[in-house]
Amino acid sequence: MASPIFTVTTPLYYANDLPHIGTAYPTIAADAIARFERLRGKDVRFVTGTDEHGQKIQRTAEERCKTPQAHCDEMVPHFKALWEKLDIQYDRFIRTTDSNHGAIVREFFQRVWDRGDIYLSQQKGWYCVSCEEYKDEKELLEDHHCPIHFNKKVELRDEENYFFRLSKYQGALEDLYKNNPEFIQPESRRNEVLSFVAGGLRDFSISRVNFDWGFPVPNDPNHIIYVWFDALLGYITALLEEGETPTLAAAVAKHWPAHTHIIGKDILRFHAIYWPAMLMSAELALPGRVFGHGFLIRDGAKMGKSSGNAIDPNALVDRYGVDAFRYYFLKEIKFGQDGSFEETRFVNILNADLANDLGNLLNRTLKMVPKYFGADGLKVDASAIPMDNPMKALGMTLGDRVAKCYENMAFSEACEAILDLVRLGNRYIDEQAPWKLFKQGDIDATAEILYTVLESVRLAAYLLSPITPRVSTAIYQQLGYSVDFNNSPLRDISLAFQTQAVWGTLSSEQSLGEAQPVFAKFELPSV
RNA sequence: AGCAGUGUAGCUCAAUGGUUGAGCAGCAAGCUCAUAACUUGAAGGGUGUGGGUUCAAUUCCCACCACUGCGACCA
C-alpha cells in the first residue's frame, strides 16, 4: 500500500548572494517537519533549491566579471554545503537553471496562454532590479532609491510586457481563502492577504525586456519570462524523477500538490495570491498551505547584510554545533513571529534545556543502573507500572500532543511539551530518591523508578529528533539502541512513530550503554 | 487616508470579567544519583497612558502614545 505523500518546500533562495542565517532558518524548519513526517511513515518530498534567473543576478554576475551561469554555479555549492552542515535532509535541490525546468516553464506558460490569461500591454513605472518589482514613486526614498534596497536606485521603465490576468481570479481566490482558512498562516498573514485582495487585484506583468538571463517567452523571444513566474514553477519541476521527460503531467503525477510552502513574510504575496491564481489558470492542484515565517531580528533590526548585523550561520554552528543551532531557532522563536538572537540567551537556553534538564537527567539516572544492578540491568515491565505514575501519565499523551504541534508548525510548543516531561523527570527522581530506596534495600521500587525516568528520556529524545537529531541519537545509543536519526533508512520500522512515540517502549531486555554527557554545557560569551 | 497587530516580572512570552502565570537570568535553602547538576522557597508586575461601562477590567468600549506589518498618498 502506498504511503501518504507529504511535500514541503522552502523558498528557492535567490542565488544572488551567499546563504545566510535568514535562509538557514526556514530550511531547518522545513527539515524538522520533513523528518517528523518521515517518522510517521509518509512518502516525503522535501524541496529546496535556488532561484537563479533575473536581471539582478545578471548584473551581479557582470559586476563580478562572470557569466550568470558561472556566478550561480559558484553560489550553489555554498548552499549545499550549509545544508549539509546543518543536517538538512532535503530530497530535491532544484535550480531554476536545471535543464528540465525550461520545458516545465514553457508548457505552463503555454497552458496559461491558451486559457487566454496572458496579454501584451504597456508597463510604465519605477523598477527596482533588486526587488525585481515595480515601485510606486512615493514609496521611494530620496533621489529615487528603493525603500528596501536603500543603496540602490530604481529605474524608470516604459516598456511592453506580457501581463497575467490576475484580476480574473479575484473571486476564485477569495473563495479559496474562505473555504480554506488554513491556506495562509499564521492568521496575521492571512488577514494581510485578505485585505490586500479585497482592495482589488490588478494584473501583473510576467515578462521583461532588455536583458536575456531567463527563459524567452514562447514566440516572442525579445521578452524574458519574469523571474517570479519562472521561480514558483521550480516547486513543480523539482518533483520530476531523475531522467524523467519533463512534462507538467509527469511532475505533478505523484507528489503534487505540496502540503506546505514555507516562505518568508516578504514573499507572501507571490505565494498566497499570484501562485494559486497561476495554478488555477493552468488547472493544476493548489498547495495545502502557505506558511509565512517571521524575520530574525538583532539589535532591533532585521538581520541582513545591508544592516551589517547578520550572524554567520557557519560560525555559529562551528562554535556551538548543529543541534544547538537548530534547537535555539525552533524552540526560542515561535514560528511565524519575528525572533531575536542574543548569544547570552542562546547559551543560557541550550545549557538549561539540553544540558541541565535533558542531558543531565539521562546521565544521573543511567549512572545508577550499573551501580545498583550491575550487568543485569533493569528488569521492569512497563505495562505493570500503574497509570497514576505521574511520568507515565504524562508520557502516555505526549506523542499525540507533540504530533499536533508539529502538524501546526508549532515547533516551540512541541519543545515545551517535551520539556514538561523532562522537568517532571527531574522532580520525580528527586522526590522518589532511588538512591535512598536502594540503600534501604527496596530493589524493585528502585528499578521501576529508574526505568520510568529512562523511558521518559527516550520518549523525549524521540519526539525531539526532528529538531535535534544528533542529541537524540546519542541518547538512543546510550539506551542501547543502534539507531542514528541522521542515517537510518527513511522509514526504518524500528523508528516508526506508532511504536516509538508511545510511552513504555523501552525494553528491559536490551543492555544499556555507558553514561556519557550527551550535550556539553557552553561557556557564557565574554562581554 | 486608512486597516490590522503588539504593548504584562530584568529577558522571552502565556492567561483570564473577579486575589496576574511560565521559562530563562538573579537570590536563599535543601539534596547528593548527576554535566558546580537537580529540587524547593522567597523576591520580582498596581498588566503603555487617559477616560468610560461594570459590584468588579489586565481582560469589554473610546481616545491617545509607542513599536510592527499591510496599504494609500505620488505619478
Side-chain angles (χ1 to χ4, degrees), chain A residues 123-126 134-141 144 147 154 156-158 184 186-202 264-266 268-269 272-273 292 294-295 297 300-302 328-329 331-334 336-373 410 412-413 415-420 422-439 446 449-450 453-454 457 471 474 478 515-524:
Chain A
Q123 170 92 292
K124 183 181 178 188
W126 296 95
Y134 281 95
K135 299 281 171 189
D136 287 326
E137 181 159 13
K138 203 53 190 282
E139 69 181 296
L140 300 174
L141 305 177
H144 295 107
V154 295
L156 185 60
R157 298 278 173 90
D158 186 4
I184 302 163
E187 187 80 18
S188 53
R189 299 291 152 216
R190 176 168 190 267
N191 293 336
E192 277 177 25
V193 171
L194 290 182
S195 76
F196 182 85
V197 172
L201 292 175
R202 284 185 294 186
K265 61 187 185 182
D266 52 332
L268 182 64
R269 201 192 296 171
I273 301 174
F295 286 147
I297 306 294
K302 179 188 169 186
Y328 179 82
F329 288 108
K331 150 76 176 12
E332 272 305 287
I333 299 167
K334 291 210 162 178
Q337 296 182 5
D338 287 350
S340 62
F341 173 86
E342 288 166 54
E343 195 161 355
T344 299
R345 181 166 185 75
F346 182 99
V347 167
N348 278 333
I349 291 294
L350 269 297
N351 284 350
D353 291 359
L354 297 190
N356 297 347
D357 284 352
L358 177 63
N360 187 53
L361 179 60
L362 171 67
N363 195 247
R364 67 192 298 204
T365 311
L366 195 55
K367 278 202 172 162
M368 283 187 257
V369 176
K371 200 183 284 188
Y372 299 158
F373 298 89
S412 180
E413 281 91 335
C415 291
E416 287 293 352
I418 294 164
L419 275 178
D420 281 344
V422 171
R423 294 188 183 119
L424 177 63
N426 279 312
R427 223 176 304 142
Y428 177 77
I429 203 165
D430 266 30
E431 285 164 4
Q432 300 297 320
W435 48 91
K436 278 186 189 158
L437 292 174
F438 179 76
K439 283 173 192 158
T446 304
I449 291 158
L450 296 185
V453 175
L454 290 176
V457 171
V471 169
Q478 280 183 37
Q516 297 275 346
V518 292
F519 191 92
K521 287 184 76 164
F522 301 130
E523 297 284 326
L524 274 171

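We name chains A, B, ... by the order of the sequence lines, and we start the count at 1 in each one.
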Taking the same atom, [atom1], in [N] and in [M], what whole-Å distance lies between them?
N: B:A28; M: B:U19; atom1: P; answer: 33 Å
N: B:U58; M: B:U8; atom1: C1'; answer: 7 Å
N: B:A29; M: B:A66; atom1: C1'; answer: 43 Å
N: B:G23; M: B:G18; atom1: C1'; answer: 27 Å
N: B:G41; M: B:G26; atom1: C1'; answer: 14 Å
N: B:G46; M: B:U20; atom1: C1'; answer: 11 Å
N: B:A14; M: B:G21; atom1: C1'; answer: 7 Å
N: B:C13; M: B:A56; atom1: P; answer: 34 Å

[N] pairs with, by Watson-Crick or G-U criteria that keep both distances under 3.5 Å:
N: B:U35; answer: none
N: B:G50; answer: B:C62
N: B:A14; answer: none
N: B:A56; answer: none
N: B:G2; answer: B:C70

NA contact type, [X], heavy-atom cut-off 4.0 Å: base, sugar-phosphate, or nothing?
X: A:Asn351; result: nothing
X: A:Val518; result: base
X: A:Gly359; result: base
X: A:Ala355; result: base
X: A:Phe519; result: base

Rounded off to whole Å, could you give me the [atom1]-to-[atom2] distance for the [X] and [N] pair?
X: A:Arg427; N: B:G41; atom1: CZ; atom2: P; answer: 10 Å
X: A:Glu416; N: B:A15; atom1: CD; atom2: C1'; answer: 15 Å
X: A:Asp353; N: B:G23; atom1: CG; atom2: P; answer: 11 Å
X: A:Gln432; N: B:C38; atom1: CD; atom2: C1'; answer: 15 Å
X: A:Asp420; N: B:G23; atom1: CG; atom2: C1'; answer: 10 Å
X: A:Glu413; N: B:A15; atom1: CD; atom2: C1'; answer: 14 Å
X: A:Glu523; N: B:U35; atom1: CD; atom2: C1'; answer: 12 Å
X: A:Lys334; N: B:A22; atom1: NZ; atom2: P; answer: 16 Å

field: Within-4.5 Å side-chain heavy-atom neighbours: A:Ile184 and A:Leu194
entry: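 No, their side chains stay 4.5 Å or more apart.
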Spacing of [atom1] belonging to [X] relative to [atom2] belonging to [Y], to within rounding of 0.5 Å:
X: A:Arg189; Y: A:Arg269; atom1: CZ; atom2: CZ; value: 13.0 Å
X: A:Leu361; Y: A:Ile429; atom1: CG; atom2: CD1; value: 6.0 Å
X: A:Ile449; Y: A:Leu454; atom1: CD1; atom2: CG; value: 12.0 Å
X: A:Leu350; Y: A:Asn356; atom1: CG; atom2: CG; value: 10.5 Å
X: A:Lys371; Y: A:Leu366; atom1: NZ; atom2: CG; value: 11.5 Å
X: A:Leu358; Y: A:Ile418; atom1: CG; atom2: CD1; value: 9.5 Å

task: Apply salt bridge (charged side-chain N to carboxylate O under 4.0 Å, His left out) to A:Arg190 and list each qualifying residue two or more places apart in sequence or on a separate chain.
output: none
message: Going by the glycosidic torsion and a 90 degree boundary from 0, is the base of B:G46 oriented syn or anti?
response: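 With its glycosidic angle within 90° of zero, B:G46 counts as syn.
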query: Any Lys/Arg nitrogen of A:Glu413 or A:Lys334 sitting under 4.0 Å from an Asp/Glu carboxylate oxygen of the other?
result: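 Result for this pair is yes, salt bridge flagged.
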Between [X] and [Y], is there a donor-acceptor pair closer than 3.5 Å when you use the side chain of the first and the backbone of the second?
X: A:Asp338; Y: A:Gly294; answer: no
X: A:Gln478; Y: A:Gln516; answer: yes
X: A:Asn351; Y: A:Phe522; answer: yes

List, with names and distances, any nitrogen or oxygen atoms from the protein found under 3.5 Å away from nitrogen or oxygen atoms belonging to nucleotides 27-33 of chain B.
residue: B:C33; atom: OP1; partner: A:Lys439; partner atom: NZ; Å: 3.4
residue: B:C33; atom: O3'; partner: A:Lys371; partner atom: NZ; Å: 3.4
residue: B:C33; atom: O2'; partner: A:Arg364; partner atom: O; Å: 2.9
residue: B:C33; atom: O2; partner: A:Arg364; partner atom: NE; Å: 2.9
residue: B:C33; atom: N3; partner: A:Arg364; partner atom: NE; Å: 3.3
residue: B:C33; atom: N3; partner: A:Arg364; partner atom: NH2; Å: 2.5
residue: B:C33; atom: N4; partner: A:Arg364; partner atom: NH2; Å: 3.0

Pairwise N/O distances under 3.5 Å, protein to nucleotides 2-12 of chain B:
residue: B:U12; atom: O4'; partner: A:Arg345; partner atom: NH2; Å: 3.2

message: If you assign each of A:Asn348 and A:Val193 to its closest nucleotide in RNA chain B, which residue comes earlier from the 5' end?
response: A:Asn348
- prompt: Which residue, A:Pro517 or A:Lys265, contacts RNA chain B at a nucleotide closer to its 5' end, judged by nearest heavy atom?
  reply: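 With A:Pro517 and A:Lys265 compared, the 5'-side residue is A:Pro517.
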- prompt: Nearest of B:G23, B:A14, B:C38 to any side-chain atom of A:Gln337?
  reply: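 Closest nucleotide among those given: B:A14.
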